[in-house]
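Working notes for the structure below.
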Amino acid sequence: MNILVSPYRGGDFYFRSDSTLIRMLSDFYFPDYVDSISAIPMLCMRSGRSGKSVSARFAPRYLGDFSCGLLLKASVNAALTHETDRTFIENALDYSTIIPYDLIPVDRLSGYLTAERPYTLKINGLTKAAISSLPDIQMLSARFEAVSRYCSVRTGDFIAFELSDPIPVSKDSHLTATFGVEGHISVLIH
């Protein structure tokens with residue numbers, strides 16, 4: 001199972017290994033080689049079928065159930081890591097892709113987030129992001145096409161769509177994310 005991530009600002013996608021995936025996390029510990037952590041709200045969709053070079057007009061057939069989640073991204077200490085390893089380490093920390101257990105049927109995607117029910121990310125109780133809508137299916141299809149152009153997407157893979165720029169998180173912070181009516185994430189950063 002792969003996790004393919006489409007960045008918020010577009011451009012190149014990147015992979016996260018399945019060792020980064022966790023469905024429930026209460027504590028995240030900074031490894032000693034990490035200088036800082038950022039949190040990125042995301043929409044995650046499970047691929048409903050396998051394909052490669054999928055045209056945007058056919059992509060909705062591949063985009064399955066979804067959830068909102070959180071990516072934790074590291075900035076590594078240059079003195080403690082090899083330069084060639086940094087990109088991998090920054091995107092592959094264990095337990096840094098947080099997706100709740102329950103996925104939501106794709107037919108609820110439109111209107112799932114609203115001004116009354118936004119995706120809200122708080123750090124130590126202060127709102128750092130309030131996202132009131134998800135990308136529409138045409139935008140997601142275009143981003144899916146860009147990813148599938150270069151790599152095969154298999155049934156069960158996760159395609160993550162970043163929903164904002166990275167938000168810095170310091171040690172000893174409490175992250176909470178709420179979305180829709182059923183989504184909740186709570187993580188202490190140590």
Side-chain angles (χ1 to χ4, degrees), residues 3-14 16-17 19-45 65-78 80-81 86-87 89-104 108-136 139-140 143 158-190:
I3 303 166
L4 302 96
V5 184
S6 177
Y8 177 60
R9 300 275 176 202
D12 297 335
F13 69 95
Y14 60 93
R16 287 181 155 242
S17 66
S19 66
T20 69
L21 179 64
I22 188 153
R23 303 313 279 280
M24 181 84 96
L25 180 68
S26 57
D27 294 289
F28 182 84
Y29 295 90
F30 267 68
D32 59 353
Y33 51 83
V34 170
D35 282 336
S36 65
I37 296 284
S38 296
I40 306 171
M42 60 130 172
L43 166 68
C44 189
M45 302 185 86
D65 295 345
F66 74 96
S67 184
C68 293
L70 203 57
L71 299 170
L72 299 177
K73 198 164 189 174
S75 291
V76 298
N77 185 316
L80 299 177
T81 56
R86 285 190 203 123
T87 300
I89 293 169
E90 289 173 352
N91 294 306
L93 290 176
D94 287 346
Y95 310 129
S96 60
T97 303
I98 306 162
I99 304 169
Y101 281 105
D102 297 329
L103 297 179
I104 301 152
R108 291 183 50 203
L109 182 68
S110 178
Y112 181 71
L113 296 182
T114 64
E116 296 78 32
R117 288 188 334 262
Y119 180 124
T120 304
L121 175 62
K122 294 182 179 182
I123 300 176
N124 296 329
L126 300 173
T127 300
K128 298 296 182 176
I131 301 160
S132 60
S133 66
L134 293 172
D136 63 25
M139 169 75 77
L140 295 172
R143 289 168 78 181
F158 281 111
I159 301 93
F161 303 94
E162 294 180 354
L163 298 175
S164 81
D165 289 321
I167 300 162
V169 178
S170 60
K171 282 187 180 180
D172 302 319
S173 292
H174 183 202
L175 274 68
T176 56
T178 55
F179 42 89
V181 294
E182 59 273 295
H184 183 76
I185 296 171
S186 177
V187 180
L188 293 171
I189 306 292
H190 302 283

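Taking the side chain as every heavy atom from C-beta outward, L188 and F28 never approach each other to under 4.5 Å. Looking at M45 and D65, their side chains never come closer than 4.5 Å, going by heavy atoms from C-beta outward. With contacts defined as side-chain heavy-atom distances shorter than 4.5 Å, the pair F161/R143 qualifies. The closest side-chain heavy-atom distance from M42 to C44 is below 4.5 Å. At a threshold of 4.5 Å between non-hydrogen side-chain atoms, the residues I37 and L93 count as touching. Side-chain contact check for L21 versus F158: some heavy-atom pair is nearer than 4.5 Å. Here the side chains of I167 and I40 are not in contact, with every heavy-atom distance at 4.5 Å or above. Between F179 and P100 there is a side-chain heavy-atom pair separated by less than 4.5 Å.
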Working note: I189 + Y29, criterion side-chain contact (heavy atoms from CB on, under 4.5 Å); need CA distance, chi angles, decisive distance, verdict. CA-CA 6 Å; I189 306 292; Y29 295 90; over 6 Å; no

Using the side-chain contact (heavy atoms from CB on, under 4.5 Å) rule, take L134 and C68 through it: C-alpha gap first, then chi angles, then the decisive distance, then the call. CA-CA 10 Å; L134 293 172; C68 293; 4.3 Å; yes

side-chain contact (heavy atoms from CB on, under 4.5 Å) between L43 and L109, intermediate numbers included: CA-CA 10 Å; L43 166 68; L109 182 68; 4.2 Å; yes

Between L175 and I185, does a side-chain contact (heavy atoms from CB on, under 4.5 Å) hold up when you go through it step by step? CA-CA 8 Å; L175 274 68; I185 296 171; over 6 Å; no

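Other residues, nucleotides and ligands contribute more than 12 heavy atoms inside 6.0 Å of the CG atom of D27. Taking a 6.0 Å sphere around CZ of F30, one finds it holds more than 12 heavy atoms contributed by other residues, nucleotides or ligands. In D136, the CG atom is crowded: over 12 heavy atoms of neighbouring residues, nucleotides or ligands sit closer than 6.0 Å.
The distance from atom CZ of R9 to atom OG of S164, rounded to the nearest 0.5 Å, is 9.0 Å. Rounding to the nearest 0.5 Å gives a distance of 6.0 Å between CD1 of I159 and CG of L4. Going from atom OG of S133 over to atom CG of L113 covers 7.5 Å, rounded to the nearest 0.5 Å. A distance of 11.0 Å separates CZ in R86 from OG in S75, rounded to the nearest 0.5 Å.
Checking S96 against R16 by side-chain atom types alone, a donor-acceptor pair falls below 3.5 Å. Checking H184 against T176 by side-chain atom types alone, no donor-acceptor pair falls below 3.5 Å. Side-chain N/O atoms of S17 and T20 include no donor and acceptor closer than 3.5 Å.
Across P118 and S132, no two heavy atoms sit closer than the pair CB-CA, 4.2 Å. A39 and L70 make their closest contact through CB-CD1, 4.2 Å (heavy atoms, listed as atom of the first residue, atom of the second, distance). Nearest heavy atom pair, residue P135 against residue L140, reads O-CD1, 3.6 Å.
E162 contributes a side-chain N or O that, together with a main-chain N or O of Y8, makes up a donor-acceptor pair within less than 3.5 Å. In this structure a side-chain-to-backbone donor-acceptor pair under 3.5 Å is missing from T127 to A129. With hydrogens and angles ignored, the 3.5 Å screen pairs no side-chain donor or acceptor of R117 with any backbone N or O of G180.
For the side chain to side chain contact (heavy atoms under 4.5 Å, CB included) criterion with T97, the lone passing option out of L72, I3, L25 is I3. For the side chain to side chain contact (heavy atoms under 4.5 Å, CB included) criterion with I131, the lone passing option out of T120, L163, L121 is L163.
Under the 6.0 Å cut-off for aromatic ring centres, F66 and Y112 qualify, their centroids lying closer than that.
The side-chain tip of K73 points at the ring of Y14 from less than 6.0 angstrom away and within 45° of straight on.
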